[in-house]
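See below for the structure under consideration.
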Amino acid sequence: MYKHILIPTDGSDLADKAVEHGLQLAKLSGADLTLLRVTAPPAPLVVEGVVVSYPQEEVQKQIKARV
């Protein structure tokens, strides 16, 4: 039936339910499974009307810390 299942998640409660369902479906069908964690980049700072974004290295550190 299914050969490969992709489950995107953002870590929310609703997404966790989808992950559980996808895992069960993969077990029943013998499908390969790929989980994709999706996160938003940190919001830029606004200082005295000037938008200051984080350096790319800092963004990557923050994303890795969430996982």
Side-chain angles (χ1 to χ4, degrees):
M1 180 189 236
Y2 295 107
K3 294 181 182 178
H4 196 120
I5 299 172
L6 171 65
I7 305 173
T9 179
D10 61 2
S12 66
D13 291 339
L14 185 58
D16 286 345
K17 290 179 183 180
V19 169
E20 290 175 24
H21 181 76
L23 289 171
Q24 291 174 3
L25 187 58
K27 285 180 186 178
L28 289 173
S29 64
D32 291 330
L33 183 66
T34 299
L35 290 173
L36 172 66
R37 173 131 176 145
V38 180
T39 60
L45 299 171
V46 178
V47 180
E48 295 182 12
V50 177
V51 177
V52 180
S53 64
Y54 290 98
Q56 188 63 28
E57 297 81 23
E58 181 63 28
V59 171
Q60 290 175 352
K61 285 181 190 176
Q62 289 183 18
I63 290 171
K64 288 179 182 178
R66 292 181 192 172
V67 176

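Residues: numbered from 1 along the sequence shown.
- Nearest heavy atoms, A31 versus Y2: CB-O, 3.4 Å.
- Cluster membership check: V38 does not share its hydrophobic cluster with L14, using side-chain heavy-atom separations under 4.5 Å among Ile, Leu, Val, Met, Phe, Trp and Tyr.
- Expressed to the nearest 0.5 Å, how far CG of D16 lies from CG of D10 amounts to 8.5 Å.
- Linking ILVMFWY residues whenever their side-chain heavy atoms come closer than 4.5 Å, directly or via other members, leaves L36 and L33 in distinct clusters.
- Taking CD1 of I7 as the reference point, atom CD1 of I5 lies at 6.5 Å (rounded to 0.5 Å).
- R37 and G11 get closest at one heavy-atom pair: NH1-CA, 3.7 Å.
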